[in-house]
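Data block below; observations after.
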Amino acid sequence: MIRDATISDVPVIHQMVRELAEYEKCLDEARATEDQLREALFGEHPAAFAHIAQDESGSPVGFSLWFLNFSTWRGVHGIYLEDLYVRPEARGGGHGKALLTELARICVARGYERLEWSVLNWNTPSIAFYESLGARPQDEWMVYRLTDEALGRLGA
C-alpha cells in the first residue's frame, strides 16, 4: 500500500534516508535533520513531497521523496525523484514498483511529461529493476554538483 506521507512520518523518513545513505556508502554526507525534512515536506511552502510504502501490517517499509522540475524543451513540469528506498527485508514485495507507479500516475494525471532520477553506476540491482520498468539511462548527460567550499566560493 502506498500513501501520502504525513508529518508524523518524518522520523521514519529520516531514519530511512540514513539507511539509504548507508547503503550508498555515504552516511557521513547525510546531514539532514528531522526538522529540516519536516519544514521541506510540511512547512508553509513545501519544497518536496513524499510517499510511504507500507507492508500488510501497516508498518512503513519504504518511501519516495520527490519534487517538481521543469522542462524548457517540453514546456511542462516533471517529477524528480530524489530518493526511493525500500528496506532490505521488504525488497521483492513490489513496494518499489508501487512507489514508482504512484509517481507515474501523478505525472499522467497532471500532464507532467518526465519522471527522472539518478542511480549510482554500481547499483546493478536497482539499474536492472528500473530498466525492467522501461526506464532508460541518459548516458549523454553528466551530473555536476557544487557543494561546500566550492559553492561558497562561487556564491560569495
Side-chain angles (χ1 to χ4, degrees), residues 1-71 77-110 112 114-127 129-130 133 135 138 142-156:
M1 176 183 169
I2 305 302
R3 62 173 176 78
D4 292 342
T6 66
I7 198 165
S8 64
D9 292 313
V10 169
V12 75
I13 292 170
H14 183 257
Q15 180 58 42
M16 287 191 282
V17 165
R18 296 194 53 78
E19 291 171 22
L20 174 60
E22 186 171 21
Y23 172 76
E24 292 182 345
K25 303 174 179 85
C26 299
L27 184 57
D28 59 319
E29 295 179 39
R31 299 183 299 215
T33 65
E34 286 185 26
D35 287 339
Q36 288 172 315
L37 289 173
R38 190 174 296 104
E39 180 63 27
L41 293 167
F42 303 104
E44 188 174 333
H45 301 288
F49 309 92
H51 288 91
I52 299 293
Q54 295 177 299
D55 64 14
E56 303 78 31
S57 70
S59 296
V61 295
F63 80 105
S64 62
L65 193 143
W66 56 278
F67 54 89
L68 295 180
N69 59 15
F70 184 81
S71 170
H77 283 291
I79 287 178
Y80 186 84
L81 175 60
E82 180 65 22
D83 285 336
L84 176 74
Y85 179 72
V86 175
R87 288 182 158 152
E89 64 273 12
R91 291 183 188 152
H95 303 291
K97 183 176 181 182
L99 286 163
L100 283 170
T101 298
E102 177 61 12
L103 296 182
R105 186 198 62 75
I106 291 169
C107 286
V108 170
R110 296 181 186 177
Y112 302 162
R114 290 182 179 166
L115 172 55
E116 297 180 312
W117 61 91
S118 297
V119 61
L120 292 165
N121 61 6
W122 57 259
N123 192 346
T124 54
S126 292
I127 291 168
F129 167 64
Y130 298 145
L133 299 176
Q138 300 297 299
M142 292 175 50
V143 175
Y144 280 82
R145 180 179 294 160
L146 278 172
T147 62
D148 303 325
E149 295 84 22
L151 179 62
R153 280 193 309 276
L154 186 61

Exercise. Apply the test side chain to side chain contact (heavy atoms under 4.5 Å, CB included) to residues W117 and L84: give CA-CA distance (whole Å), side-chain angles for both, the deciding distance (0.1 Å), then the verdict.
Key: CA-CA 9 Å; W117 61 91; L84 176 74; over 6 Å; no

Do [X] and [Y] have side chains that get closer than 4.5 Å, going by heavy atoms?
X: L100; Y: F129; result: yes
X: N123; Y: P125; result: yes
X: I13; Y: D83; result: no
X: S71; Y: R114; result: yes
X: I106; Y: L115; result: no

Nearest 0.5 Å please: distance from the [atom1] atom of [X] over to the [atom2] atom of [Y].
X: R18; Y: C26; atom1: CZ; atom2: SG; value: 12.0 Å
X: Y112; Y: L68; atom1: OH; atom2: CG; value: 4.5 Å
X: L103; Y: F49; atom1: CG; atom2: CZ; value: 11.5 Å
X: I79; Y: S64; atom1: CD1; atom2: OG; value: 8.5 Å
X: L20; Y: E82; atom1: CG; atom2: CD; value: 9.5 Å
X: I7; Y: F42; atom1: CD1; atom2: CZ; value: 6.5 Å

Quiz item: Is the backbone N or O of V10 less than 3.5 Å from a side-chain atom of R38, with the two atoms forming a donor-acceptor pair by type?
Solution: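 Not a single qualifying donor-acceptor pair exists.
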
Quiz item: Taking the side chain from H14 and the backbone from A32, do they hold a donor-acceptor pair closer than 3.5 Å?
Solution: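 Yes, because the side chain of H14 sits within donor-acceptor range (under 3.5 Å) of the backbone of A32.
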
Shortest non-hydrogen contact from [X] toward [Y]:
X: S118; Y: V143; result: OG-CG2, 4.4 Å
X: E44; Y: E39; result: N-OE2, 4.0 Å
X: V86; Y: R91; result: O-NE, 2.7 Å
X: R31; Y: D28; result: CG-O, 4.1 Å
X: I127; Y: N121; result: CD1-O, 3.8 Å
X: H77; Y: F70; result: N-CD1, 3.8 Å

Exercise. Taking atom CD of E34 as the centre, report whether more than 12 heavy atoms of other residues, nucleotides or ligands fall under 6.0 Å from it.
Key: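 Yes, CD of E34 has more than 12 neighbouring heavy atoms, counting only those of other groups under 6.0 Å.
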
Quiz prompt | Side-chain donor-acceptor contact under 3.5 Å, S57 with D55 | solution =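 Distance-only check passes for S57 and D55.
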
Self-check item: Whether H51 and W66 hold their rings parallel, tilted or perpendicular, with breakpoints at 30° and 60°
Solution: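 Parallel: the ring planes of H51 and W66 meet at under 30°.
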
Self-check item: Derivation of the side chain to side chain contact (heavy atoms under 4.5 Å, CB included) call for F63 and H95
Solution: CA-CA 9 Å; F63 80 105; H95 303 291; over 6 Å; no

